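Down below is the structure, laid out as structure tokens.
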Amino acid sequence: MNARAPKGTTDMLPATARAWEYLTRTAQEMFARYGYEPVYTPLFEHTEVFTRGIGEATDIVSKEMYTFEDRSGRSLTLRPEGTASVVRSALEHTLVPQGSSIKLYYAGPMFRYERPQKGRMRQFWQIGIEILGAAEPSADAEVIVALWRFYEAVGIPASNMRLLVNSMGDEACRPAYREKVAGYIRSRAGDLCGECNRRADTNPLRAFDCKNPACAGVMAEAPLLRDELCEPCAAHYAEVKTRLDELGIPYTEEPKLVRGLDYYTRTVFEVQADAGLGSQNAIGGGGRYDRLMEAYGGKPTPGLGFALGFERTLLAMEAAGAEVPAPLLAEVYVARVDATVAGEAFAVASALRDAGVAAELDHVGRSLKSQFKQADKLGARLVVIVGPDELAAGEVTLRDMGTKEETRVALADVAGAVRRLLG
RNA sequence: GUGGGUGUAGCUCAGUUGGUUAGAGCGCCGGACUGUGGCUCCGGAGGUCGCGGGUUCGAGUCCCGUUACCCACCCCA
């Protein structure tokens, strides 16, 4: 059989899994302080949740989804992102009654059928937060600040990151702007690539993202939404920036920042890392999606949030030299002199564990010498030596690996003695 | 979907102009007088040289195909 994990997936071995748990734990602790509660939605949804939420014409929906029929013929899709599911769940359970709001966070794997490369996997992990029911600019600022602070908390210095912000307008001003850009594209059709010409009809704003140098040059002269925002959108955007300014969060306005998901309105943002990443340098991003709930048939409910990628965040952390705390696997190593005392040794290790001490012992029949090597490698501060001689007196030997001092203690008091020595 | 690069022990890699039993470091296991660690020394286990063809007296070394991984385009977290 093929023992490899499928393309674009990877096993998270202990070193990585530890980092995953660290990121999750940090998010739990931090987002709790911001008032967010956990939510777990299914890893797959009715396909419609994503086609209607993210948009039929987006790359994610049109060519990157893992869609399949179950045995009853339903069309299901492995979630390519988290927001659509959370909003669908909020609608199903009426989590946002009129006039209220709710704050949620999630963490888990997402799935997109893409060509893997640095910082891009087919199964990748995200942590995200969402606020539903909040329309005020302070909510936008809160989400952005939470994202920024999270990166700082896990050891990525501000000097290694760039925060980009923009406003995409709303239904009052964006349609007109879209047409204006589409018109601009058609007027410069000869100077733009084929893909961009098609975008005039499908998603003109994406032309701003085109990597083609010629297109970039042409689009640099295109009309900017910043100059076309309706008054409410302009005021909202201005206040978001004021909130960020007041906290000293360093951001850059990027008028060409466009998100690839159709549901975004008004505020959008992205954090890019300068070090450790390849060309996929966006380690987190998000924005406001005030019309998404309606797209699902719910009442108008403003919403916003962000998602950050585990894999990319970890790459940025490594580049910054950020350390993931390592757990203490063995404060004490229980060594047995020979097989005749295996039972007693096991009982001692169990008693230590019951007493809250990290204790390890051998299960493969190593020599006593080898057990000491193990103890040393694991960083055990103490070794409990269980041998026939000691047991004859109802005792065991305790060795301090630092000072090499050995003392005999009563078998019945091992846990107590160990705890006193460990301080 | 397109392009480039790389595939030799668990890991990181050497392998001369194709030539006898494929190497190193690290890791792992064991030992250096009898129940004891970190250093050092000695020994050992471990390899279908990605896979399949071809050229050749002979290929890890050359050619073709294929596959996997990596990176980039694209897109996004």
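Order of the sequence lines fixes the chain letters, A, B, ..., with proteins taken first and strands second; residue numbering starts at 1 for each chain. None of the values given here were measured: they were computed from a predicted structure.
- Between A:N281 atom CG and B:A72 atom P there is a gap of 10 Å when expressed in whole angstrom units.
- Comparing atom distances between the A:V337 side chain and each of B:C76, B:G35, B:C74 picks out B:G35 as nearest.
- Distances were taken from every side-chain heavy atom of A:R120 (C-beta onward) to each of B:G35, B:A77, B:G30; the shortest belongs to B:A77.
- Residues A:D170 and A:H236 bring no donor and acceptor atom of their side chains to less than 3.5 Å of each other.
- Nucleotide B:U6: paired with B:A68 (Watson-Crick or G-U wobble, both distances less than 3.5 Å).
- Residue A:T67 is tested with A:T47, A:L76, A:L78 for a side-chain contact (heavy atoms from CB on, under 4.5 Å); the sole match is A:T47.
- At distances below 3.5 Å, not a single donor-acceptor pair connects side-chain atoms of A:E311 with backbone N or O atoms of A:L314.
- At the heavy-atom level, A:Q371 lies nowhere under 4.0 Å from the strands shown.
- A salt bridge does not link A:R112 with A:D59: none of the charged nitrogens is closer than 4.0 Å to a carboxylate oxygen.
- As judged by a 4.0 angstrom heavy-atom cut-off over every strand, A:A375 is placed among residues making no nucleic acid contact.
- One atom, NZ of A:K373, and another, P of B:U40, lie 12 Å apart when rounded to the nearest Å.
- Using a 4.0 Å heavy-atom criterion, one finds that A:I127 contacts no nucleic acid atom at all.
- Between A:S370 and B:G37 there is no side-chain N or O to OP1 or OP2 distance below 4.0 Å.
- Looking only at atom types and distance, the side chain of A:Y22 has no donor-acceptor partner in the side chain of A:R18 under 3.5 Å away.
- Side-chain proximity of A:R399 to B:U36, B:C76, B:G30: nearest is B:U36.
- Using the Watson-Crick or G-U wobble rule with both distances under 3.5 Å, B:A24 pairs with B:U12.
- Taking every side-chain heavy atom of A:K7 into account, B:C69 is the closest of B:C70, B:C69, B:G31.
- Side-chain atoms of A:S75 and A:E69 include no donor-acceptor pair closer than 3.5 Å.
- For RNA chain B, the neighbouring residues in residues 23-62 of chain A, judged by any heavy atom under 4.0 Å, are A:D59.
- Side-chain contact check for A:D245 and A:Y251: at least one donor-acceptor pair (N or O, by modelled atom type) lies under 3.5 Å.
- Within 4.0 Å (heavy atoms only), A:Q272 reaches no atom of the nucleic acid at all.
- Using a 4.0 Å heavy-atom criterion, one finds that A:E64 contacts the sugar-phosphate atoms exclusively.
- Looking at heavy-atom distances under 4.0 Å, A:G119 makes contact with a base.
- Rounded to whole angstrom, the span from the CG atom of A:L361 across to the P atom of B:G37 amounts to 19 Å.
- As a whole-Å value, the separation of A:R366 CZ from B:C29 P is 5 Å.
- Pair assignment for B:A45: none, as no Watson-Crick or G-U wobble contacts are both less than 3.5 Å.
- Stacking between A:F124 and B:A77 is present: the aromatic ring centre lies within less than 5.5 angstrom of the base six-membered ring centre, and the two planes differ by under 30 degrees.
- A:T77 and A:E45 share no side-chain donor-acceptor pair at under 3.5 Å.
- For A:K369 and B:A32, the NZ to P distance is 6 Å, given to the nearest whole Å.
- At the phosphate of B:G4, neither OP1 nor OP2 sits under 4.0 Å from any side-chain N or O atom of A:Q117.
- A gap of 10 Å separates the P atoms of B:U8 and B:A14, to the nearest Å.
- A:K404 places its NZ atom 8 Å from the P atom of B:G37, with the value rounded to the nearest Å.
- In this structure, A:F269 atom CZ and B:A77 atom P are separated by 10 Å, rounded to whole Å.
- Listed nucleotides B:A72, B:C29, B:G37 differ in distance to A:Q374; the shortest reach to its side chain belongs to B:C29.
- Rounded to whole Å, atom P of B:A77 lies 14 Å from atom CG of A:L277.
- With both pairing distances under 3.5 Å, B:G18 is matched to nothing as a Watson-Crick or G-U wobble pair.
- A:Y105 has its ring centre no less than 6.0 Å from the ring centre of A:Y36.
- For A:E311, whose side chain is taken as the heavy atoms from C-beta onward, the closest listed nucleotide among B:G35, B:A77, B:A72 is B:A77.
- Applying the 4.0 Å criterion to OP1 and OP2 of B:C28, one finds that A:K377 has a side-chain N or O inside that range.
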